[in-house]
Amino acid sequence: MPKPTWQEYVDFAVQSGFVAKAAIHGTQGEKWASSKGFEIAKTDALALVRGFTDPCPLHKNRIRLDDFTYTPLKTEKDTIFGKHGVAGCIVCKCKQCIVIGVYEDGMPPGACVNIIMKLADYLRDHGI
């Protein structure tokens, strides 16, 4: 059975109906895959990667994803949570990449978090 592409991982998350937008970026900020129209600048991806080591700049400058700015709510060892009105985001750190998910109005935040965390766990389990 062929290994899924990075884009297929992102598409799977969005097709669940609980993740509005998703992306995977390498730890150097480069885009591996993203849902259609969801663009994250390399500098913003790098700010997220650095936020796992030092979250202070994220709290000062906020999380920038595409055209939205999210207020960081909580930063854990491998997870960052952000909020923008009724929408929110989750960023999970893996060995070689970060997995980003966004939920919007009407989507249960917990379901988005669960899907993105499980995808990150899968990637970590496979050394990625």
Side-chain angles (χ1 to χ4, degrees):
M1 186 161 145
K3 179 182 169 194
T5 65
W6 299 119
Q7 190 61 49
E8 288 172 321
Y9 289 124
V10 166
D11 293 344
F12 171 78
V14 173
Q15 289 168 359
S16 72
F18 298 114
V19 178
K21 302 171 190 173
I24 301 173
H25 281 251
T27 55
Q28 300 300 310
E30 71 282 7
K31 179 174 87 170
W32 290 5
S34 67
S35 44
K36 187 175 182 178
F38 187 45
E39 295 301 322
I40 300 169
K42 184 176 183 177
T43 54
D44 295 334
L46 281 171
L48 289 168
V49 171
R50 288 187 211 110
F52 288 103
T53 306
D54 179 11
C56 290
L58 278 184
H59 289 279
K60 180 182 175 192
N61 302 320
R62 308 213 174 173
I63 299 167
R64 289 187 307 268
L65 301 175
D66 203 15
D67 292 331
F68 294 96
T69 302
Y70 297 82
T71 301
L73 298 178
K74 182 165 70 167
T75 305
E76 298 175 348
K77 179 182 171 230
D78 293 327
T79 312
I80 297 171
F81 299 91
K83 190 91 164 130
H84 176 87
V86 294
C89 66
I90 176 172
V91 183
C92 293
K93 183 180 126 195
C94 301
K95 197 173 195 178
Q96 301 173 27
C97 66
I98 56 172
V99 181
I100 304 160
V102 171
Y103 62 89
E104 295 176 344
D105 187 18
M107 295 178 152
C112 177
V113 166
N114 189 38
I115 288 167
I116 297 301
M117 288 181 88
K118 284 187 176 183
L119 175 54
D121 286 343
Y122 175 83
L123 295 175
R124 282 187 213 108
D125 289 348
H126 288 82
I128 299 168

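Predicted model only: the values in this text are computed from it and were never measured.
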*Given side chain to side chain contact (heavy atoms under 4.5 Å, CB included), test Thr69 with Arg64 step by step and report yes or no.*
CA-CA 5 Å; Thr69 302; Arg64 289 187 307 268; 4.1 Å; yes
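- Cys92 is not listed as a side-chain neighbour of Asp78, based on a closest heavy-atom distance of 4.5 Å or more.
- Side-chain contact between Phe38 and Val10: absent, with no pair of heavy atoms (C-beta onward) separated by less than 4.5 Å.
- Between Phe68 and Val102 the shortest side-chain heavy-atom distance does not fall below 4.5 Å.
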*Where do His59 and Thr75 land on the side chain to side chain contact (heavy atoms under 4.5 Å, CB included) test, with the steps shown first?*
CA-CA 10 Å; His59 289 279; Thr75 305; 3.6 Å; yes
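- From Ile24, atom CD1 reaches atom CD of Glu30 across 12.0 Å, with rounding to the nearest 0.5 Å.
- Proximity of a side-chain donor or acceptor of Gln7 to a complementary backbone N or O of Ser34 within less than 3.5 Å is detected.
- In plain terms, the two heavy atoms of Ile98 and Val49 that are nearest each other are CG2-CG2, 3.9 Å.
- Looking at Glu39 and Asp66, their side chains come closer than 4.5 Å, going by heavy atoms from C-beta outward.
- The two residues Val19 and Gly101 come nearest to each other via the heavy atoms CG1-CA, 4.3 Å.
- Contacts of Trp32 classified as ring-ring contact (aromatic ring centres under 6.0 Å, His included), with partners at least two apart in sequence or in another chain: Trp6.
- Atom NE2 of His25 and atom NZ of Lys42 lie 11.0 Å apart (nearest 0.5 Å).
- The CD1 atom of Ile100 lies 3.5 Å from the CD1 atom of Ile40; values are rounded to the nearest 0.5 Å.
- Listed by first and then second residue, the salt bridge (Lys or Arg N to Asp or Glu O under 4.0 Å) pairs involving residues 110-128 are Asp121-Arg124 (not counting sequence neighbours).
- Using a 4.5 Å cut-off on side-chain heavy atoms (C-beta onward), Pro55 and Ile80 make no contact.
- In this structure, the side chains of Leu65 and Leu48 come closer than 4.5 Å at one or more pairs of heavy atoms.
- Closest approach of Ala22 and Ala13 over heavy atoms only: CB-CB, 4.4 Å.
- Taking 4.5 Å as the limit, every side-chain heavy atom of Phe18 sits out of range of all side-chain heavy atoms of Met107.
- In this structure, the separation between CE on Met117 and CD1 on Ile90 is 5.0 Å, given to the nearest 0.5 Å.
- Between Gly82 and Ile63, the shortest heavy-atom contact is CA-CD1, 4.1 Å.
- Residues Lys77 and Lys93 have side chains not in contact (no heavy-atom distance under 4.5 Å, counting atoms from C-beta outward).
- In this structure Lys74 satisfies the salt bridge (charged side-chain N to carboxylate O under 4.0 Å, His left out) test together with Glu76, sequence neighbours excluded.
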